[in-house]
Amino acid sequence: MNNAPVGVLGGTFDPVHNGHLRLAMEMATALEMAHVRLVPCARPPHRGAPTASPGQRAKWIRVAVSIEPRLRLDDRELLRDGPSYTVDTLASMRKEMPDTPLCLIMGRDVFAHLPKWHEWERIFDSAHIVLIDRPDIETQLHPDAQATLDARAVGNMRALHDSLCGLIYTYTPPPLAISASRIRELLANGESPRYLLPTAVLDDIMDAGVYMTCESHPATAAN
Ligand code: ATP
């Protein structure tokens with residue numbers, strides 16, 4: 001295989017933060033990926049609707065990755081009608097990149113419930129999975145997820161370069177205790193999330209007044 005793998009990091013990105021961005025950089029560097037795409041979902045099938053609009057979430061990712069060529073925004077799920085099924089996203093990427101290994105990046109906590117996803121087994125027809133081990137989060141895998149891991153696990157990341165799809169590689173990046181829900185909570189309480197996310201993204205959130213309740217005053221919250 002001549003092409004380096006492309007990483008795919010899906011999420012709500014409500015908003016994008018340094019935990020997402022650093023994870024994507026770790027993947028691009030440690031696994032020698034061509035680039036990593038951040039793919040915001042329009043209507044997450046497994047959780048409530050995001051607070052920020054699709055346009056805002058995409059704009060913040062665009063701003064955040066603009067200085068780093070190894071990270072990109074891929075907004076195809078926002079342009080598609082209906083629920084954001086990962087299997088459809090990966091199939092459309094596979095059509096565009098027939099000779100490039102694709103690596104879907106997901107936390108072990110997310111993988112634990114993979115068998116509940118729409119046509120989950122077909123994901124392996126388009127992509128590998130890079131499983132992000134989070135030693136801080138204890139997770140019991142669904143029996144079908146455990147069986148899939150046992151059948152598809154590889155111990156050497158070079159295997160991700162040598163085939164297009166179908167394998168699972170586990171990677172443990174240095175942990176960063178940052179989450180979008182914590183950022184939303186700080187803003188709702190009128191407190192500052194500065195340094196948890198890029199300054200340009202925070203500035204835009206403050207300008208637009210997203211995530212703030214009536215009590216949290218935009219003029220003071222980010223200072
Ligand atoms: P929320 O707090 O709203 O649940 P989040 O911060 O977990 O959001 P998502 O958009 O749900 O963000 O995450 C997208 C992907 O990024 C998921 O696979 C998630 O496991 C991963 N991720 C998010 N934050 C981190 C982090 N600090 N370190 C490593 N991976 C992360």
Side-chain angles (χ1 to χ4, degrees), residues 6-31 33 36-65 68 71-78 83-87 89-90 102-114 116-117 120 123 127-139 141 145 149 168-189 191 193 195-198 201-202 205 210-212:
V6 165
V8 177
L9 178 61
T12 41
F13 300 104
D14 186 26
V16 67
H17 56 66
N18 291 345
H20 300 130
L21 297 164
R22 191 58 223 168
L23 173 66
M25 282 299 286
E26 294 282 343
M27 295 293 100
T29 310
L31 304 186
M33 292 180 171
V36 174
R37 298 177 177 211
L38 279 67
V39 187
C41 66
R43 285 161 290 272
H46 300 104
R47 54 187 282 174
T51 303
S53 71
Q56 283 170 320
R57 291 181 290 123
K59 175 183 169 190
W60 297 331
I61 294 173
R62 193 176 290 110
V63 166
V65 302
E68 176 48 62
L71 305 189
R72 295 188 190 172
L73 164 70
D74 186 319
D75 61 359
R76 75 186 63 215
E77 292 192 356
L78 304 181
S84 308
Y85 291 127
T86 302
V87 68
T89 302
L90 293 170
L102 298 175
C103 294
L104 177 65
I105 300 162
M106 65 167 68
R108 194 178 160 86
D109 49 320
V110 178
F111 180 79
H113 307 290
L114 187 69
K116 294 182 187 145
W117 288 23
W120 68 281
I123 287 174
H128 301 304
I129 286 183
V130 174
L131 204 52
I132 303 304
D133 218 356
R134 308 272 295 270
D136 50 322
I137 307 177
E138 205 171 309
T139 29
L141 297 189
L149 179 58
I168 302 177
Y169 179 74
T170 299
Y171 183 78
T172 310
L176 272 181
I178 303 175
S179 71
S181 29
R182 172 82 177 126
I183 290 169
R184 294 195 299 274
E185 189 183 300
L186 287 167
L187 287 164
N189 292 337
E191 294 172 52
Y195 306 124
L196 297 179
L197 71 175
V201 175
L202 177 57
I205 289 173
V210 196
Y211 307 119
M212 279 157 235

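Both ligands and their constituent atoms are indexed starting at 1 by order of listing.
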Where G19 and L176 come nearest, the two heavy atoms and their spacing: CA-CD1, 4.2 Å

Protein residue, atom and distance nearest to atom 18 (O) of ligand 1, heavy-atom basis: G107 N, 4.0 Å

Minimum-distance protein heavy atom relative to atom 4 (O) of ligand 1: R47 NH1, 3.2 Å

Backbone of D14 reached by a side-chain donor or acceptor of R184 within 3.5 Å: yes

Heavy atom of protein closer than 4.0 angstrom to atom 7 (O) of ligand 1: no

Side chain, backbone, both or neither: the part of L23 lying under 4.0 Å from ligand 1 by heavy atom: side chain

Residue I178 vicinity, atoms of ligand 1 by number, heavy atom under 4.0 Å: 24 (N), 26 (C), 27 (N)

Which segment of R184 sits under 4.0 Å of ligand 1 when only heavy atoms are counted: side chain

Residue and atom name of the nearest protein heavy atom (relative to atom 28 (N) of ligand 1), distance in Å to one decimal: L176 O, 4.0 Å

Per-atom contacts, ligand 1 versus G11 - under 4.0 Å to a heavy atom: 10 (O), 14 (C)

Location of contacts on H20 toward ligand 1, heavy atoms closer than 4.0 Å: side chain

Enumerated ligand 1 atoms positioned under 4.0 Å from heavy atoms of T12: 9 (P), 10 (O), 11 (O)

Closest approach of L202 to P193 (non-hydrogen atoms, all atoms of both residues): CD1-CG, 3.8 Å

Student check: side-chain heavy atoms of C103 and Y169 closer than 4.5 Å: no

Distance from atom 19 (C) of ligand 1 to nearest protein heavy atom, with residue and atom: R134 NH1, 4.5 Å

Per-atom contacts, ligand 1 versus H17 - under 4.0 Å to a heavy atom: 6 (O), 24 (N)

Atom of N18, atom of Y195 and distance for their closest heavy-atom approach: ND2-O, 3.3 Å

Minimum heavy-atom distance between L114 and W120, given as atom pair plus value: O-CB, 3.3 Å

For S181, atoms of ligand 1 separated by under 4.0 Å from a heavy atom: 1 (P), 2 (O), 3 (O)

side-chain contact (heavy atoms from CB on, under 4.5 Å) assessment of T170 paired with R108: CA-CA 9 Å; T170 299; R108 194 178 160 86; 5.7 Å; no

A180: numbered ligand 1 atoms lying under 4.0 Å from its heavy atoms: 1 (P), 2 (O), 3 (O), 5 (P), 6 (O), 8 (O)

Ligand-residue contact atoms, ligand 1 with F13, heavy atoms, under 4.0 Å: 10 (O)

Any donor-acceptor pair under 3.5 Å from T172 side chain to D133 backbone: no

Passing option when V16 is tested against L197, V63, L38 for side-chain contact (heavy atoms from CB on, under 4.5 Å): L38

Ligand 1 atoms in contact with G10 (distance to a heavy atom under 4.0 Å): 14 (C), 15 (C)

V65 backbone acceptor or donor facing R72 side chain under 3.5 Å: no

